[in-house]
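Since the structure comes first, as structure tokens, the remarks are kept for the end.
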Amino acid sequence: MTEAVAATTGSYQLAEGPVWDAPRRRLLWVDILGKRVLEGTLDDGRITVTREHRFDVMVGAVAVAEDGSLLVAAQEELVVVHPDGSRETGPRVIPDGTRRRLNDGGTDPAGRFLVGSLTMDGPSKEEVLVRWERDGRLTVLDSDLTLSNGLAWSPDGTLMYSVDTVRQTVFVRGYDVATGAVGERRPHLELSDGHPDGIAADTEGHLWVAVWGKGEVRRYAPDGKLTDRLAVPAPHTSSVAFAGPDLRTLIVTTATAETDDPRRLAHPDSGRLFTARATVPGLPVAAWVPHTV
């Protein structure tokens, strides 16, 4: 088992959702509790922050459009950040006055944006996974989740993977990229140790799963067999993505949140972003395509 190396000088309360913006050669990620979206460069495994977008609320995820605009999953609604820095409010996903927030999100192979929710008020089995359609509607794909998390698609786009963290489950369902139609959801991976968080897929159809609480990223074959592990010297590994010109640099986000003092002393790099080289490239992530309304 290889080990990832620290790639940022700073650490974050809850870094999540790394996205590689290939046309601009920039890495994007969020610090959920820090209420900010960050941009950075990637050079020989090192990440340098170049810009921050601060919010008054928590942010769960970010996607990028072809023109460089950012789609941000803010605490309860979607927000577009244009290249000139101006902002435009999109649809509200979380009803006002509820103790819930948006969490991980991402684009499907056609550029539609999907995002899920979690509760900040104890156990729940009513969290959602929604998709923002081209006509501006929100389509609810799931409404019975405990904590919606990472998303990924198979190389041909016909399978969609989604994480329900508290259930320790990665689900899979059929997916029609052209129409957005989905098949029946079924368990694909059920972890007995640690909680699945962010995920990413590679060109061989293997799924990389960041395991919260275990300080590692696991690689699973399409049949669910564990084929590799990447050790991360921070217990709360929150997400994983592929970056760089060849999409062979693994980006792993981690968190200082929910880490007590003894654990922080034992893992001083907690909260940093980490990198490692992969033998197989990852799949490119589609740019977000804005709705037409």
Side-chain angles (χ1 to χ4, degrees), residues 14-32 35-40 42 51-53 55 57-94 101-117 128-139 141 148-153 157 160-163 175 177 180 197-201 210 238-243 247 251 253 273 282-293:
L14 182 49
E16 258 279 14
V19 177
W20 177 244
D21 178 15
R24 281 154 284 273
R25 291 178 174 262
R26 64 175 172 173
L27 182 69
L28 301 163
W29 71 98
V30 301
D31 182 5
I32 295 176
K35 303 177 182 178
R36 53 185 171 164
V37 176
L38 299 104
E39 302 181 16
L42 175 65
R51 189 177 182 185
E52 294 187 2
H53 305 270
F55 287 75
V57 296
M58 287 181 279
V59 291
V62 61
V64 60
E66 287 188 356
D67 69 353
S69 296
L70 306 180
L71 177 60
V72 179
Q75 187 160 321
E76 298 177 347
E77 59 194 8
L78 302 181
V79 177
V80 179
V81 181
H82 296 287
D84 64 3
S86 62
R87 299 185 182 188
E88 178 184 353
T89 301
R92 171 175 287 275
V93 181
I94 304 297
R101 69 167 176 84
L102 295 178
N103 197 40
D104 209 343
T107 53
D108 74 3
R112 307 177 188 92
F113 185 73
L114 292 82
V115 66
S117 71
V128 299
L129 175 63
V130 304
R131 185 175 61 207
W132 194 12
E133 306 291 358
R134 298 278 175 76
D135 61 5
R137 293 178 300 112
L138 288 176
T139 297
L141 300 186
S148 182
N149 230 314
L151 301 166
W153 279 261
M160 170 186 157
Y161 300 96
S162 59
V163 173
Y175 200 87
V177 174
D197 202 320
I199 58 177
S238 55
S239 194
V240 60
F242 290 89
L247 290 177
I251 309 292
T253 54
L273 272 62
L283 293 174
V285 175
W288 167 59
V289 178
H291 65 82
T292 56
V293 175

Item checked: Minimum heavy-atom distance between Thr107 and Ala63, given as atom pair plus value -> CG2-CB, 4.1 Å
Item checked: Positive for side chain to side chain contact (heavy atoms under 4.5 Å, CB included) with Leu102, one of Val59, Val130, Ile32, Val93 -> Val93
Notebook entry, point to check: For the side chain to side chain contact (heavy atoms under 4.5 Å, CB included) test, which of Val115, Leu71, Leu114 pairs with Trp132?
Noted result: Leu71
Item checked: Distance-minimising heavy-atom pair for Pro83 and Asp67 -> CG-O, 3.4 Å
Check: Residues two or more places apart in sequence or in another chain: which of them pass side-chain contact (heavy atoms from CB on, under 4.5 Å) with Val289?
Finding: Arg134
Check: So does Arg92 have more than 12 non-hydrogen atoms from other groups sitting under 6.0 Å from CZ?
Finding: yes
Checklist line | Partners meeting salt bridge (Lys or Arg N to Asp or Glu O under 4.0 Å) with Glu52 (sequence neighbours left out) | finding: Arg36, Arg54
Next item on the list: Could you list the residues that satisfy side chain to side chain donor-acceptor pair (under 3.5 Å) with Ser86, not counting sequence neighbours?
Entry: Asp84
Notebook entry, point to check: Partners of Val57 by side-chain contact (heavy atoms from CB on, under 4.5 Å), sequence neighbours excluded?
Noted result: Ala74, Gln75
Checklist line | Residue list, ring pair (Phe, Tyr, Trp, His ring centres under 6.0 Å) with Phe55, at least two apart or on another chain | finding: none
Next item on the list: Please round to the nearest 0.5 Å and tell me the distance separating atom CG of Leu42 and atom CZ of Arg26.
Entry: 14.0 Å
Margin query: Minimum heavy-atom separation for Ser148 and Leu129, please, with both atom names.
Written below: OG-CD1, 4.0 Å
Checklist line | Non-hydrogen side-chain atoms of Leu70 and Leu28 separated by less than 4.5 Å | finding: yes
Margin query: On a heavy-atom basis, which atom in Ala287 and which in Ala65 lie closest, and how many Å separate them?
Written below: CB-C, 4.2 Å
Note to self: Just verifying a value: how many Å separate Arg51 CZ and Leu38 CG, rounded to the nearest 0.5 Å?
What the structure shows: 11.5 Å
Notebook entry, point to check: If we only count heavy atoms from C-beta on, is the Val62 to Glu39 side-chain gap below 4.5 Å?
Noted result: no
Checklist line | All side-chain contact (heavy atoms from CB on, under 4.5 Å) counterparts of Leu283, not counting sequence neighbours | finding: Pro155, Ala201, Thr203
Checklist line | Distance in Å, Asp31 CG paired with Met58 CE, rounded so as to fall on 0.5 Å steps | finding: 11.5 Å
Next item on the list: Please identify each residue that fulfils salt bridge (Lys or Arg N to Asp or Glu O under 4.0 Å) with Arg131, with sequence neighbours left out.
Entry: Glu133
Next item on the list: Flag the pair Ile94 / Arg101 as yes when at least one side-chain heavy-atom distance between them is below 4.5 Å, and no otherwise.
Entry: no
Item checked: Which residues share a salt bridge (Lys or Arg N to Asp or Glu O under 4.0 Å) with Asp197, sequence neighbours left out -> none
Margin query: My understanding is that only residues two or more places apart in sequence, or in another chain, count here; which of them pass side chain to side chain donor-acceptor pair (under 3.5 Å) with Ser117?
Written below: Arg100, Glu127
Check: Residues two or more places apart in sequence or in another chain: which of them pass side-chain contact (heavy atoms from CB on, under 4.5 Å) with Ala15?
Finding: Tyr12, Trp29, Thr253, Leu273
Notebook entry, point to check: What are the two closest heavy atoms between Asn103 and Ala73, and how far apart are they?
Noted result: O-CB, 4.5 Å
Notebook entry, point to check: Which heavy atom in Ala210 sits nearest to a heavy atom in Ser239, and how many Å separate them?
Noted result: CB-N, 3.6 Å
Next item on the list: Start with the C-alpha gap between Trp288 and Glu66, add the side-chain angles, then the distance that decides, and say whether side-chain contact (heavy atoms from CB on, under 4.5 Å) holds.
Entry: CA-CA 7 Å; Trp288 167 59; Glu66 287 188 356; over 6 Å; no
Checklist line | Partners meeting side chain to side chain donor-acceptor pair (under 3.5 Å) with Arg112 (sequence neighbours left out) | finding: Asp108
Next item on the list: Kindly write out the residues that satisfy salt bridge (Lys or Arg N to Asp or Glu O under 4.0 Å) with Arg137, not counting sequence neighbours, or none if the list is empty.
Entry: Asp135
